[in-house]
Amino acid sequence: MAFLGRSNVGKSSLLNALAGSRGLARVSATPGRTRLVNFFRVGNELYLADLPGYGYAKVPESMRREWEALAVSYLVGRKSLALCVFLVDLRHEPMEGDLTLRAFLEHNGLPYVVAATKADKLGRGEVARRQRSLEAGLGKNAKAVFVVSAETKAGVGELWKTLRAAALAHGA
Ligand code: GTP
Ligand code: MG
């Protein structure tokens, strides 16, 4: 499983929430903290990969290219990759980097689910409205769209079930 999404979207936090033990993945207050691919093993059957975020405005062009090279070399042609988890911030419209990532996943035939993070920051009505918008828009070709919160753990159990099922089906 690879966790992908722009910087500060909450990848490391969601990994921690999924793994159920805080401090496992590195969580950053300053965007652009996760620099390398970090791996976590959960139980015997599941490897989770925490990739660095993209699209942070202050990141220089050279670093952006570095990210692309890293992501491409990690993701493309990796047989053990059962599923990608594509994170977006539930509160915001997709950024250019999100659209680029989606095009990249689809171009390379990589299966993905969308996980919309930070649901705790919106009210119920707004959560439902944003979820529908994601299902019709950015996430329309995704296997599923999940609304999650690393803070309250909402949706985390449901995402976990899907990840486990994908890992088992993949024979990982
Ligand atoms: P990079 O490693 O820089 O790419 O960032 P990241 O995507 O790993 O984000 P990270 O998990 O470090 O979270 C960034 C900030 O968002 C931190 O301050 C987190 O506490 C906060 N955050 C993450 N998930 C949630 C959430 O579900 N709810 C709320 N309220 N805050 C969150
Ligand atoms: Mg991170």
Side-chain angles (χ1 to χ4, degrees), residues 1-42 46-75 81 83-102 104-105 112-131 133-134 138-139 142 144-163:
M1 309 284 160
F3 284 66
L4 305 163
R6 71 179 176 78
S7 202
N8 213 41
V9 71
K11 295 175 296 297
S12 301
S13 301
L14 181 59
L15 267 160
N16 284 335
L18 281 164
S21 90
R22 289 177 171 282
L24 189 67
R26 207 185 323 166
V27 176
S28 47
T30 44
R33 186 77 184 281
T34 307
R35 286 269 191 276
L36 299 165
V37 184
N38 293 314
F39 291 94
F40 304 95
R41 196 175 78 159
V42 184
L46 213 58
Y47 279 92
L48 307 175
D50 183 13
L51 274 86
Y54 55 83
Y56 184 57
K58 283 184 186 153
V59 171
E61 185 58 33
S62 62
M63 210 184 275
R64 220 191 310 271
R65 269 198 293 272
E66 215 172 282
W67 185 89
E68 280 169 15
L70 179 72
V72 169
S73 66
Y74 178 71
L75 295 171
L81 187 63
L83 190 65
C84 294
V85 183
F86 178 6
L87 283 82
V88 294
D89 190 318
L90 183 64
R91 298 168 299 169
H92 307 309
E93 288 299 321
M95 299 190 345
E96 193 191 331
D98 297 324
L99 300 175
T100 305
L101 175 59
R102 184 178 69 164
F104 169 81
L105 293 172
Y112 63 95
V113 295
V114 168
T117 63
K118 310 194 185 182
D120 55 283
K121 295 200 173 186
L122 294 177
R124 276 166 152 250
E126 193 63 6
V127 166
R129 199 182 67 77
R130 293 292 308 145
Q131 182 168 13
S133 152
L134 276 172
L138 188 77
V145 174
F146 296 96
V147 168
V148 299
S149 166
E151 197 72 33
T152 67
K153 310 285 184 286
V156 170
E158 210 187 323
L159 174 62
W160 177 244
K161 277 188 209 148
T162 298
L163 299 188

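Computed from a predicted structure; not experimentally measured. All residue numbers in this chain count up from 1 along the given sequence. Atoms considered below: every heavy atom in the structure, side chains included; atoms not considered: hydrogens, waters and symmetry mates. Both counts, for ligands and for their atoms, begin at 1 and track the order of listing.
Taking distance alone, with nitrogen or oxygen atoms compared against 3.5 Å, Gly10 approaches ligand 1 more closely than that limit. Between Ala150 and ligand 1, a contact under 3.5 Å exists for at least one N or O pair. Residue contacts with ligand 1: Lys118 is placed with a nitrogen or oxygen under 3.5 Å of a nitrogen or oxygen of the ligand (distance criterion only).
Contacts between Asn8 and ligand 1, counted as non-hydrogen atom pairs separated by less than 4.0 Å, involve both the backbone and the side chain.
The pair Asp89-Arg6 meets the salt-bridge criterion, since a charged nitrogen lies less than 4.0 angstrom from a carboxylate oxygen. Under the 4.0 Å criterion applied to side-chain N and carboxylate O atoms, Lys121 and Glu126 are not assigned as salt-bridge partners. Ion pairing of Lys161 with Glu158 is absent here, as no side-chain N (NZ or NE/NH1/NH2) approaches a carboxylate O to less than 4.0 Å.
In this structure, the side chain of Arg130 does not engage the main chain of Leu122 through any donor-acceptor pair within 3.5 Å. Formation of a donor-acceptor pair under 3.5 Å by the Thr117 side chain with backbone atoms of Val88 is found in this model.
Between the Mg ion (ligand 2) and Ser13 there is no N/O/S contact shorter than 2.8 Å.
Close contacts of ligand 1 with Ser13, meaning ligand atoms under 4.0 Å from a residue heavy atom, involve 10 (P), 11 (O), 13 (O), 19 (C), 23 (C), 24 (N). The contact set between ligand 1 and Lys11, taken as ligand atoms under 4.0 Å from a residue heavy atom, comprises 1 (P), 4 (O), 5 (O), 6 (P), 7 (O), 8 (O), 9 (O), 11 (O). Proximity to Ser149 (heavy-atom distance under 4.0 Å) selects the following atoms of ligand 1: 27 (O). Heavy-atom contacts of Ser7 reach the following atoms of ligand 1: 1 (P), 3 (O), 4 (O) (cutoff under 4.0 Å).
Remark: Thr152 pairs with Ser149 by the side-chain hydrogen bond (donor to acceptor under 3.5 Å, both in side chains) rule, at least two apart or across chains.
Residue contacts with ligand 1 leave out Gly5, since none of its heavy atoms falls under 4.0 Å from the ligand.
In plain terms, the two heavy atoms of Val113 and Ala142 that are nearest each other are CA-CB, 4.3 Å.
Across Leu14, Asp120, Thr117, heavy-atom proximity to atom 26 (C) of ligand 1 is greatest for Asp120.
Residues Leu4 and Tyr112 have side chains not in contact (no heavy-atom distance under 4.5 Å, counting atoms from C-beta outward).
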